[in-house]
Amino acid sequence: GGYGPPPGPWNPPAGPGYGEHPTRVGAFGVPGQPPYAGAPGGPGGPDWGAPGGSGAPSTTASSSPGPSPSTAIPAPSGGFTAAPSGGADVAGFVAQLPVDFDDCADAPLAGDGDVAAADCGAALTQPGPEAAFYRYPDQDTLDSVFSADVTEEGLAEFAVEDDCSTGTGYGEWTYSGGQRGGQVACQIATDGYVVVAWTDDQYLTEGVVRALGTTQTEVSALYDWWTANSEYQG
């Protein structure tokens, strides 16, 4: 676990099929329009890395494409380390990743209980983050991995009025209807990258996207990208 130097360490779940983008992360705002309207990718996405669904999360996360075989991101230096071996049903897993990533491929498992993993090259929509995705066998494992990742990265839970547009930390993301979609986190890494990581309860996936940056403004831009482009397919 952990958000190492490569595209974030968190795996993105194959987006949920709710037919709409998640909107707010738990206490991070009322469900509805994402706070980053007008940010890269536009509004309407799930919060922090909220994957899948017919929309992107809006209050706490951004989708997380993974590095491609040719442009694979170096293994993370933190808790998100890749372990040797491929995952199960990789073809189906890759096919469900956000459409904004057109250069994704099978990747080594992280070794933390994941059953499939994929890396993606730069996303088509700016800021064009790279990403890594991981699928888990059940909800407990997914939640446990996320919890271990945020703890390892030293991230604190967001206050009710905060989210990735105002700072770094983690929390839950929900769809406009109020149903929980998963959890999302964001951080400014020490290697010159900003990261957004999220889990998707329906797809049992954790996704991590990263882009060059060292400021909260760049975290917000990546979060905006996530809210508009983290939707899973299928």
Side-chain angles (χ1 to χ4, degrees), residues 3 5-10 12 21-51 53 55-65 73 98 100-101 120 122-132 146 149-150 153-176 181-200 206-231:
Y3 310 112
W10 298 4
H21 303 294
T23 60
R24 302 277 179 174
V25 179
F28 315 116
V30 202
Q33 288 300 329
Y36 320 115
D47 296 336
W48 222 92
S58 67
T59 306
T60 339
S62 133
S63 52
S64 38
I73 301 173
D100 205 36
F101 291 98
C120 304
L124 301 176
T125 304
Q126 294 308 303
E130 297 175 316
F146 183 89
D149 286 343
V150 295
E153 296 304 320
L155 297 177
E157 187 170 5
F158 281 122
V160 174
E161 68 277 9
D162 298 322
D163 59 35
C164 292
S165 66
T166 60
T168 57
Y170 73 92
E172 290 186 351
W173 64 264
T174 62
Y175 289 96
S176 59
Q183 300 182 77
V184 61
C186 54
Q187 74 168 164
I188 297 175
T190 58
D191 60 347
Y193 286 86
V194 289
V195 176
V196 168
W198 75 96
T199 63
D200 186 292
E206 181 183 55
V208 182
V209 289
R210 72 165 194 165
L212 289 172
T214 57
T215 68
Q216 180 56 45
T217 295
E218 288 158 320
V219 170
S220 297
L222 181 57
Y223 181 61
D224 287 338
W225 173 90
W226 175 80
T227 64
N229 300 285
S230 62
E231 180 180 359

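In this chain, numbering begins with 1 at the start of the sequence shown.
Applying the side-chain contact (heavy atoms from CB on, under 4.5 Å) test to T215 and every residue at least two apart in sequence or in another chain returns T217, E218. Every side-chain contact (heavy atoms from CB on, under 4.5 Å) that L124 has, sequence neighbours left out, goes to D100, D102.
Under a 3.5 Å cut-off, the side chain of D162 and the backbone N or O of F158 do not form any donor-acceptor pair. Without hydrogens or angle criteria, T199 side chain to G182 main chain gives no donor-acceptor distance under 3.5 Å. Looking at W225, its side chain never comes within 3.5 Å of a backbone N or O of S230 through a donor-acceptor pair.
A pairwise comparison of heavy atoms in S220 and S165 identifies OG-O, 3.0 Å as the closest pair. Contact detail for P129 and V209: the closest heavy-atom pair is CB-CB, 4.1 Å. Summarising the geometry of V194 relative to T214, their closest heavy-atom pair is CG1-N, 4.1 Å, with the distance given to 0.1 Å.
Note: L222 CG to Q187 CD = 11.0 Å, rounded to the nearest 0.5 Å.
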